Every structure is written in C-alpha cells, then in structure tokens.
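Basis for what follows: all heavy atoms, side chains included, without hydrogens, waters or symmetry-related copies. Everything numeric here is computed off the predicted structure, so don't read it as measured data. Each chain gets a letter, A, B and so on, in the order its sequence line appears, and its residues count up from 1.
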Amino acid sequence: MTEFRAPVGTRDVLPPESARWERLVALFAGVVERAGYGLVLSPMFEDVGVFERVGEGTDVVRKEMYDFEDKGGRRIALRPESTASVVRAYVQHRPTPPFKAWYAGPHFRYERPQAGRFRQHHQLGVEALGTDDADLDVEIVALAWSVCAGLGLTQVTLLLNSLGDDVCRPAYLDALRAFLGAATLCDEHAGGYEKNPLRVLDCKRDACRAATAGAPRLLDHLCEPCADHFARVRAGLDGLGVAYTIAPRLVRGLDYYTRTTFELAADALGSAQNAVGGGGRYDKLAEALGGPATPGIGFGMGVERLLLACDAEGVFPAPASALDVWVVDTTGGAPALALTHELRAAGISADRSFDGRSMKSQFKSADRSGARLALVVGDNELAASTVTLRDLRGGEQETVDRAGVVEHVRKRLR
RNA sequence: GUGGCCGUAGCUCAGUUGGUUAGAGCGCCAGGUUGUGGCCCUGGAGGUCGGGGGUUCAAGUCCCCUCGGUCACCCCA
C-alpha cells in the first residue's frame, strides 16, 4: 500500500475532473463579475478571534474549528467560512462602499467526513457591504440562483426566511424562550439554549421537532421595517421570476445573520447534505469586528456539492479534451520538440509522446488525447522537409510543407 | 464526537466448510500490421491480500488491536 494518503476529509482533484472544476469557477466568476463583483483574495487562515467573535454559539466555531497555535504563539484558525474574513478585510482597508467582492477557495471544518462533506471543501461566494437596500438582497439571491441555472440544475429549491433585527428579534426570542421553557427538548438542547434559542428551531431531532411544531414564528414578530424589507425582497424575487419557498425555521449556522437568510437545497441529492449554497444579511457584523456600522449581505456555494448535484441531475459534464494537435515523430524526437514548440507559440495546443515509442503507440496516445489532428514526422518527411497531416476524426491525410505547417494547421482547425 | 458497513492488482470485483505457485474484466505495455489510432486477436508487466499481533500443522479466509475508506446522527458548503 502507498505510504501516504491525502489527509482525512481531503481529496485530490485530478484531470479530467479538475477541468470541470475550472469550468465551474469560470462560470461563477462570469456571473458575478458581470454584476460588478471583484475578486478578493484573503488569507486562508486568520486570528481565531475573527471567527470566535462572530459565531461563539455555533457548531462551526464551537466544535468544527480547525485551529492551532503557530510558532509565534498566535492562535490561528483555518477559515471555516469566508464572510468573517472578507468583512475583516473590509474593516481593515475601508474600501469605499458599496464594496462588492467575490472569492473562491478552500475552507476547513474539523468534522467527520461524509457524503458531500469534507474537512477541506471549496466555496465560491460573494459579499456586498455598504447598503441595506432590499434590492441588493434580491440581487444577491438572484446571483446564486443564476449560478445554479447556468450549470443546468433544475431541481434546486430556494429557501427564504427573515431573522429580523436587533429591534424585533429580542422580543421574539423572549417569546420563544417562554415557549421552549414548557417544552421537552432533545438531549443537547434540554441542557440549554439561552445563547441562541433559534437553533432549537433548526434542530432535526425528533424531540425538538415535535416540541417546536407550534412554536411562535419569527416571521409573525418582525418589526415594521423588517417586515417591509422582507416584503420588498419577496416582491423583487417575484418580479425576476425567481421561485422560492418561505422557510420560517431556516436559521442557518452562523449567529451573525439579520433579516434575509436563504439556502439552496439540491433535491436531486439523496443525502442529508443537500445544501449547495446559502447566505444572508449581516448588518451588525462589521461592528462586531471592530469596524464602522456597515450593513452587508452575501452567500457561499460549495463546489463539491454543486458538482455532486450536477452528477445527480446529469448536467454540466467534464469538458472533452481541447487539444488541437498530436505530433508523431519516429525520427528521434528533435522534430517533435521543434514542432510542438512552434505550434504552441502560435497559440495552437499541441502534445506528443516521449521515450521514442513506436508509431502505433504514438497514434494510440494521440487517439486517447482527443486531439483533432496528428502531424507525422518520419524519415520520409524529414528528408523531404514535409509533414504528414492526418485528421484523427475522418482519417484522411495530406502532405504539407514543413515551412507552412502552422498556417496550414490553423486553417484546418477553423 | 458517537454508531453501522467495508478494506484482495492502477480501477471494479471473484476467491468454495482456513489447505499446494492469489484470479477475472477494464486500464497499461508489447506484438499481430518492417510508416499510422479508434475494432479484433495474442502475450506481458503489475498484488508482502491496509498494517500489527494472535489461534492453527496451515489464514486473503477465524480472533483482537490499529490505520484508512464509506454511510448515518448532529450541523453545514
């Protein structure tokens, strides 16, 4: 057996799967950049406080943080999500709002791997800071929706909820606590839920499920501004034709959310891990991280899960090889070296075999590569300063002057 | 963190009640075709049966431990 393996919960993505991965990132980048979002590159690790400040009552921070002490004695955490990082960057650099950013990269959560769940997974996401205009909420949700649509996914449910703000939520939480005080909850929540009773609503255990069936709904307790905001978000989505399902129990895993929250569930995924994306508004987060009061909203999508959903729906396949030319050389390799170099410099993709293999072997490689054309250099061609061009789809061949090969290939590829 | 299932060639898997040199398909390499792929035929390479310990005359096959994979709970991308 091999001595080393990728660490638990991580995977290697090799060709051709990686090509599909690249295509997904490109699709995402296209969608959000057309909407004015610019790429932000933030560190994959932060002072652990960046995340603790933001989610002390959440599983993501409490149980799943991938943290350690570095050689300088600093407490570091590999980012479990990126919103806190991006907001930290915003607070640090104070770009002129509105600040619209997108990101792509690995995220880390120390948990047991499972279908669609890894210790290192990859997210694509956007964050927009500087306005609490409901139109921005609509834009954000619509962008997430557009990415799914762009992939060809049709079995995705958009779950939508509002968590209110610090005006209406406290009163609701009191009402909820009063209700829960008289209820029989699951083992974990029976112990306590003071920090965030909302989590009980999100609990999947039977005891909590049953106990909260008749619990008061936050949506019924929204203050006037929050209710108005939510109504505008709904109207905006209706106007764009983006279908959604109101999910009064949708709480989401991080404490910083206010008002709009949403999740994209891939119905084609059989496993419990069917959330391919999610996000929401976080109007108090910038302040919590020591910055000026700045409203914001964003979402993240999981690359691995999106691709799993695509598999389940049979859409967005790995792209076929785009190689233009395979150079076959039976004279020792020098002509192949020159030819491939020349073709590549001219913008034509080209590859070749090594190790002086037989012509038959080289053609097999050419076939497997999916190349459109083969250029053959044998003793005859070398002597006559020509190259034999073979179309690998049809099989017809022709002889071309060595000097004009690049131009000739260019014409054949058109 | 808790639990179920599984761990034999690069991949997918066979391996009878423990018994001689561990097999197949696919893939890979070579040849059949002394200048040519996709089909076909032939041959070849490749495994200390995850690792360690134990039971036994004998273990891929039984027991224990460990590592890994996988699925589930919780939660989330």
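- Between B/G60 and B/C67, the distance separating the two P atoms is 23 Å to the nearest Å.
- Between B/C49 and B/A22, the distance separating the two P atoms is 10 Å to the nearest Å.
- Comparing A/Ala115 and A/Leu264 along RNA chain B, the residue whose closest nucleotide (by nearest heavy atom) sits nearer the 5' end is A/Ala115.
- Within the cation-pi definition used here (under 6.0 Å to the ring centroid, within 45° of the axis), A/Arg23 qualifies as a partner of A/Phe316.
- A sub-4.0 Å separation between OP1 or OP2 of B/C71 and a side-chain N or O of A/Gln114 is absent.
- With 3.5 Å as the limit, one finds a donor-acceptor pair spanning the side chains of A/Arg234 and A/Tyr244.
- Between the side chains of A/Tyr37 and A/Glu139, at least one donor N or O sits under 3.5 Å from an acceptor N or O.
- The base-pairing partner of B/G44, taking Watson-Crick or G-U wobble contacts with both distances under 3.5 Å, is B/C28.
- Residue A/Glu304 is classed as having no contact, given no heavy-atom separation below 4.0 Å to the nucleic acid.
- Taking the P atoms as reference points, B/A58 lies 37 Å from B/U70, given to the whole Å.
- Summarising the base pairing, B/U2 is matched to B/A72 through a Watson-Crick or G-U wobble pair whose two defining distances lie under 3.5 Å.
- The same atom, P, is picked in B/A9 and in B/A24; the two are 14 Å apart, to the nearest Å.
- When side chains are defined from C-beta on, A/Leu323 does not count as touching A/Arg372, because their heavy atoms never get closer than 4.5 Å.
- Checked by atom type, the side-chain pair A/Gln123/A/Ser82 shows no donor-acceptor distance below 3.5 Å.
- If you take CD of A/Glu111 and P of B/C73, they are 13 Å apart, rounded to a whole angstrom.
- No contact: A/Val60 has no heavy atom under 4.0 Å from any strand.
- Of the candidate nucleotides B/C74, B/A77, B/G68, B/C74 has the atom lying nearest to any side-chain atom of A/Lys63.
- Looking at which nucleotide of RNA chain B each of A/Tyr110 and A/Asp59 is closest to, the 5′-most match is held by A/Tyr110.
- Side-chain contact annotation: A/Asp137 with A/His229, donor-acceptor N/O pair under 3.5 Å present.
- In this structure, the CZ atom of A/Arg112 is 20 Å from the C1' atom of B/A77, given to the nearest Å.
- Between the CG atom of A/Leu124 and the C1' atom of B/A77 there is a distance of 10 Å, rounded to whole Å.
- Summarising the geometry, the separation between CD on A/Gln362 and P on B/C28 is reported as 16 Å, rounded to the nearest angstrom.
- Taking the P atom of each, B/C41 and B/C26 are spaced 9 Å apart, rounded to whole Å.
- Among the atoms of the strands shown, none is found under 4.0 Å from any heavy atom of A/Ala366.
- Residue A/Glu263 contributes atom CD, which lies 7 Å from atom P of B/A77 at whole-angstrom precision.
- Between the side chains of A/Arg249 and A/Thr212, at least one donor-acceptor pair of N or O atoms lies under 3.5 Å.
- Side-chain N/O atoms of A/Arg117 and base N/O atoms of B/C75 include a donor-acceptor pair closer than 3.5 Å.
- If you measure from atom CZ of A/Arg249 to atom P of B/C75, you get 11 Å, rounded to the nearest angstrom.
- If you take atom C1' in B/C6 and the same atom in B/C75, they sit 25 Å apart, rounded to whole Å.
- Between A/Arg252 and the phosphate of B/A77, there is a side-chain N or O to OP1/OP2 separation shorter than 4.0 Å.
- Here the separation of B/U48 from B/U55, taken at their P atoms, is 25 Å to the nearest Å.
- Under the Watson-Crick or G-U wobble criterion, with both distances below 3.5 Å, B/U34 is left unpaired in every strand shown.
- When A/Thr330, A/Thr399, A/Thr388 are each tested for a side-chain contact (heavy atoms from CB on, under 4.5 Å) with A/Glu381, only one passes: A/Thr388.
- Between the C1' atom of B/A72 and the NZ atom of A/Lys204 lies a distance of 15 Å, rounded to the nearest Å.
- There is a side-chain donor-acceptor pair under 3.5 Å between A/Arg390 and A/Gln397.
- When rounded to the nearest whole Å, the span between CZ of A/Phe4 and P of B/C67 equals 16 Å.
- Taking only distance into account, the side chain of A/Gln273 meets the base of B/C75 through a donor-acceptor pair shorter than 3.5 Å.
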Would you mind building the protein contact string for nucleotides 29-39 of chain B? One character per nucleotide, 5' to 3', B for base within reach (heavy atoms under 4.0 Å), S for sugar-phosphate only, - for untouched. SSSB--BBBB-
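- For B/U8 and B/A14, the C1' atoms lie 10 Å apart once the distance is rounded to whole Å.
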